[in-house]
Each structure stands twice: as structure tokens, then as C-alpha cells.
Amino acid sequence: MLELSRIRTDKKQVIAALSKRNINAESTINELLNLDVQWRRVKQELDGTLEEANRMAKEIGQCYKEGRVDEGNALKQQTTLLKKKEGELKGESEALESAILHMLYQIPNTPFQEVIKGKDLNDNQVVFQSGKAPLFDFEAKPHWDICKEKQIIDFELGVKVTGAGFPFYRGKGSKLQRALISFFLDEASAAGYEEYQAPLMVNEESGIGTGQLPDKEGQMYHDSTDNLFLIPTAEVPLTNIFRDELIQQPDFSYKLCGYTPCFRREAGSYGKDVRGLNRLHQFDKVEIVRIEHPDHTANALEEMVEHVKGLLDKLELPYRVLRLCGGDMGFASAMTYDFEVYSAAQEKWLEVSSVSRFDTFQANRLKLRFKDHDKKTKLCHTLNGSALALPRVMAALLENNQGADGRISIPAALKPYTRFDYI
RNA sequence: GGUGGGAUGGGUGAGAGGCUGAAACCAACAGUUUGCUAAACUGUCGUACGGGUAACUGUACCGCGGGUUCGAAUCCCGCUCCCACCGCCA
């Protein structure tokens, strides 16, 4: 959620930034500021009324103490009028406040200066590219065929036991999953991220803290008996560790990572791109999360990008890095780099990681603040990224590393983890 | 599931209708002094929002939501969460 004070002071800049998302926020912002003016007027009047009531209450107490009972009773009479006024103003103020909050919830984050205006994924900028797609002198198979043949991932069995999008991993498929998780976690630890095992369910406050709630609850699985939500990403529990925290020094930097399964309802996304591992309701991911001083955000983001590049390099996968245009960025993001791996058999790019800076957008909702050098309390910056999401990495490994003999070779970096060289 | 106890500032924790935005201690910050990886002393020190260029000032907040009262951290009701013991289960 954007800071209201910023919208007040930098209205033009906010509207200009939001236009990069291809949305015209001017009327919304004007309406918001209009409500804000009203709210502040009511707030002033309410505060004044309360002040008077407080003063009178003290006076009445004084009267009784000194035995001036009649005087006290007379004053009491007067308070009834004040109380009526107070009640009315309170109602007005609360209504305005909730209207303002409701509007703020619906305004996405302002894109950072480097982000270009754009409509959709076609306007994203490729900022880095690495590796070459393998050339096959045979008919390369898509991963869903490989999985079936080698009995390493069973989608139909998942349908039987749970439903579409909940596959079983078997044998070497299961071991490869485990190897990837361990590899990613070890790499993150080596880069200074503290490893966490997080709860897979979160409460409502946490959902609000990272922005899944209130508007996007349809994307999460919900247990209504206990009002808990299955996490769509480890970002939710890991970032909410810091909810309602006030960090006392300005020289902080928190780097955490965690492996979790992720659960996504993916309501409304059917049709293309859902085949095999491309889109699942349950998948595994190692997430990295950082809480930083605003001065260090740019640097932290670059570090995270380098970290993810390192992972893909070690896995020997051809990939590219995109800086998303305004129109393709997530709601809470100020700038996002997407990592896409090229799958030779499917002949397309598969997104395997998304690394974003949120600046104060999440921290504002989380009430995550710190004391700066100037002793002022300010909002922290949050960042996160996938490092990495497993299914599409798996798909790319299976598809790109298939040989003419039908075997899938395991990249050298993974062999210590799989303890087999081929599937 | 049952019974009992609890939730107060960055932390520990006192307060039990007006003298309490809240003792004390710890932490933090600033200064003084002695000098040696630090101690002692003094001072400052909650958050959010509004008004004000500012000094400052007003309001709200003692888990959350209601109620009683001129006045609530304090009394009453509901809820949530935590802790302990018992039961059940991993």
C-alpha cells in the first residue's frame, strides 16, 4: 500500500509513475485526496471536541473533590451535548478513514524510475542472456512425455488422489526434486541467507501483511474452520516474521531463505501453458527474502539477481533476464526481474524466477519500520525472489539434457546431490 | 476437548476508576570524567495521526471489539491469542 503522505506531497510523480503500468490513476488519486481533505477536517473537529470533553471531565473531578457538587452536576449536564457531537464526528471520521484505506488497497505500487512504460509481456526488456539452446539431431520430447516414459512424474495419479495440478514425483524424479531443493538451499546459505523452515499455513493478518488479502483471496486455498490460508509462496511467512516490528538501529540487513511447497488455486488460468509442469496447484520453491535500509535496496536487488544467475549458470541452463515493463509487473512490485529458461523441446521460454523490490509498499502494510540515523522512524524496504521455483527448472533440465540415447544427463553441480548421473 | 493463569512501551515488568502516556530495570542515544578492548555519573528516550516553517501542540493507542461512567490500562460483556496442568494424538 502506498503511503498517503507521499500521495499528498508527490501527487504528480505518483500519477506519472502509475501511468507506466498503463493505468490512469488521476481520477482515483483526486478522489482519494478529496476524501483525505474531508477526513482531516473532520479529524480536527473531532479532536477539538474530545479536547473539550477531556478538559471538562477533569474539571468535574476537581469539583467533586473540592465539594462543589452542584457545580460538578451542572457541568455534567453540558457534557451530554458534547458526547452527541463526538459520536457523530467519530462515525463520519471512521467512514472516511475506511473509504480511504479501501482505495489505497486498490492502488498498485509505483514503478521505479528504471522501469519502462508498457502494456504486457511483449514490452519487457531483455537485459541479459546466457547460454545456448541445445541443438538436437533427433526428435526432442517435451517433458510430459519424458516423465511418463521414465515414470518419474505421474500427473494422472495426482488427479486420482487430489486433482489436476498435484502431481506425484517418483523414483529418480523425486530424488531430483530433493537434490534441487538441497542445492538451492546450500547456495542460498553460502550467499548469506539464513535458512528457515516456515509454517505452510498463515493467518489472515499475514495474508494482509504481504498483500494477498483482502482482494486476492481467490488465489489462496483457505481453511474456513480455522481461518488459515495455505501459503502461495514462502514470501508470506518469511516476510511476516517482521510484521509490526520496529528495528532500533539503521544498520540492519536481514537475509533469509526457505524451502516450502507453494499452493495456488490459479483460478481462471486454464488453456495454454498449463501442460505438464508448466502450471501447478502445488509446487516447490526456495525463496530468498531481504529486509533492507532504503539506501541498500538497489544493491540488494543486484545481489539477488547475481545469485539467481549463479544458480542457472551452475545448472548449465540457457536463460535470459527480463526487466518487466510497468504493465507486466505484480501489484506490489516497484521493479521486477524475471528469469526465463529456454526449453528446447517446447521451443519456448519458461519463467523460473521473479526477483522484485517492493520498497515501502509491503512494509507500509506490515508496519515494518526502523530508526534511521536522524532518529526518525521510517519504513523498511522489502525484496524477494525465487531461487528457484522447481517445476519449470525440472522441465527445462529434462528437455534440454535429453540425449539421442534417451537418457537425461544430470548437470555436474547436481550430481553430488542426486548421486546418479543419468535418468 | 477440560480446568486455571495471562496479554502493558524496543525488552523485562509495576500499576487495580481522575495525581498514569504510564514506575522501576535493561537496551539505545547524547554528554561529563577517568584513560586503555571498558566502568562510573548526568541527561534524553513509545507509536500513529492531525495542526504548525519551527519550538511546540491536540487526539488516539496498555491483545481486539463493544458497554458502564462526567472520566477507563484499571469495572462489565464478547472475541482472539499465549502459557500451565489434565485428556487425546503424533
Side-chain angles (χ1 to χ4, degrees), chain A residues 1-9 32-104 197 199-209 213-214 222-229 237 240-252 254 291 293 360 363-380:
Chain A
M1 154 169 95
L2 292 178
E3 293 150 87
L4 184 55
S5 58
R6 186 179 150 217
I7 299 177
R8 273 206 289 261
T9 53
L32 182 66
L33 289 178
N34 185 29
L35 287 174
D36 180 50
V37 168
Q38 287 181 55
W39 173 73
R40 281 190 290 169
R41 207 188 47 223
V42 172
K43 157 101 172 147
Q44 266 188 71
E45 206 180 331
L46 175 62
D47 282 359
T49 311
L50 287 169
E51 184 187 0
E52 204 179 334
N54 286 343
R55 219 179 27 236
M56 272 178 130
K58 275 205 182 99
E59 220 174 309
I60 292 166
Q62 203 60 32
C63 285
Y64 286 139
K65 207 184 219 169
E66 291 165 10
R68 294 178 288 153
V69 178
D70 290 346
E71 208 175 320
N73 286 340
L75 280 169
K76 256 196 210 183
Q77 295 279 312
Q78 290 180 42
T79 59
T80 50
L81 206 72
L82 274 178
K83 283 180 94 172
K84 190 164 165 257
K85 191 173 169 194
E86 184 187 315
E88 282 166 11
L89 288 169
K90 226 178 207 164
E92 244 178 280
S93 160
E94 274 165 21
L96 284 166
E97 232 169 306
S98 88
I100 288 168
L101 195 63
H102 184 71
M103 289 189 80
L104 280 174
Q197 285 206 19
L200 303 183
M201 300 186 97
V202 293
N203 57 29
E204 200 173 345
E205 285 92 336
S206 295
I208 291 170
L213 299 173
H222 180 217
D223 166 29
S224 56
T225 311
D226 293 310
N227 196 25
L228 294 174
F229 297 84
N240 272 284
I241 291 172
F242 297 91
R243 173 156 48 83
D244 293 323
E245 289 294 319
L246 207 183
I247 298 161
Q248 294 295 308
Q249 341 75 21
D251 57 339
F252 65 93
Y254 296 96
I291 313 293
H293 187 285
T360 59
N364 192 207
R365 273 208 205 181
L366 289 162
K367 295 198 180 72
L368 164 54
R369 300 144 302 162
F370 71 99
K371 284 239 191 273
D372 207 352
H373 293 104
D374 59 9
K375 308 251 162 64
K376 291 221 170 84
T377 303
K378 297 175 185 169
L379 291 168
C380 298

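Numbers restart at 1 for each chain; the letters A, B, ... are given by sequence-line order, proteins then strands.
Taking atom C1' on both B/A14 and B/A30, the two are 28 Å apart, rounded to the nearest angstrom. On the P atoms, B/U12 is 26 Å away from B/G17, given to the nearest whole Å. With P as the reference atom, B/U42 and B/C61 are 35 Å apart, rounded to whole Å. Spacing of C1' atoms, B/U80 relative to B/C88, comes out at 24 Å, to the nearest Å. The same atom, C1', is picked in B/G4 and in B/A40; the two are 47 Å apart, to the nearest Å. Look at the P atom in both B/G15 and B/U20: the space between them is 15 Å, to the nearest Å. Between the P atoms of B/G5 and B/C70, the separation comes to 32 Å (whole Å). Annotation: B/G58 and B/C64 have their C1' atoms spaced 26 Å apart (nearest Å).
Rounding to the nearest 0.5 Å places CG of A/Leu104 at 6.0 Å from CE of A/Met1. Atom CD1 of A/Ile241 and atom CG of A/Leu368 lie 11.5 Å apart (nearest 0.5 Å).
Separating the CG atom of A/Asp372 from the P atom of B/U47 is a distance of 14 Å, rounded to the nearest angstrom. With rounding to whole Å, A/Trp39 atom CH2 is found 9 Å from B/C49 atom P.
Put simply, A/Lys90 has no side-chain N or O that comes within less than 4.0 Å of OP1 or OP2 on B/U59. When the side-chain nitrogen and oxygen atoms of A/Arg369 are compared with OP1 and OP2 of B/U47, none of them lie within a distance under 4.0 Å. Between B/C70 and A/Lys76, a contact under 4.0 Å exists linking OP1 or OP2 to a side-chain N or O.
Residues A/Phe370 and A/Asp251 fail the side-chain proximity criterion, which asks for heavy atoms closer than 4.5 Å. Counting heavy atoms from C-beta on, the side chains of A/Val202 and A/Asn240 never come closer than 4.5 Å. Using a 4.5 Å cut-off on side-chain heavy atoms (C-beta onward), A/Arg8 and A/Arg40 make contact.
For the segment residues 49-58 of chain A, residues with any heavy atom less than 4.0 angstrom from an atom of RNA chain B are, sorted by number, A/Leu50, A/Glu51, A/Asn54, A/Ala57.
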Task: Dot-bracket encoding per residue of RNA chain B, Watson-Crick/G-U cut-off under 3.5 Å, | denoting interstrand - done: ((((((((.[[[..)..(.....]]].(((((.(...).))))).((((((....)))))).[[[[[..)....]]]]])))))))....

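Ring geometry for A/Phe252 versus A/His293: interplanar angle of 30 to 60°, hence tilted.
Here A/Thr377 lies in heavy-atom contact (under 4.0 Å) with sugar-phosphate atoms only. Among the protein residues, A/Lys367 comes within range of no part of the nucleic acid, since none of its heavy atoms lies under 4.0 Å from any strand. Here A/Leu246 lies in heavy-atom contact (under 4.0 Å) with sugar-phosphate atoms only.
Mapping A/Gln248 and A/Arg40 onto RNA chain B by nearest heavy atom places A/Gln248 closer to the 5' end of the strand. Comparing A/Lys371 and A/Gly61 by the nucleotide of RNA chain B whose heavy atom lies nearest to each, the residue mapping closer to the 5' end is A/Gly61.
Smallest separation of non-hydrogen atoms from A/Cys63 and A/Leu75: SG-CD1, 4.1 Å.
Under 3.5 Å, the side chains of A/Glu204 and A/Asn227 contain a donor-acceptor pair of N or O atoms.
Residues satisfying the side chain to side chain donor-acceptor pair (under 3.5 Å) criterion with A/Glu45, sequence neighbours excluded, are absent altogether.
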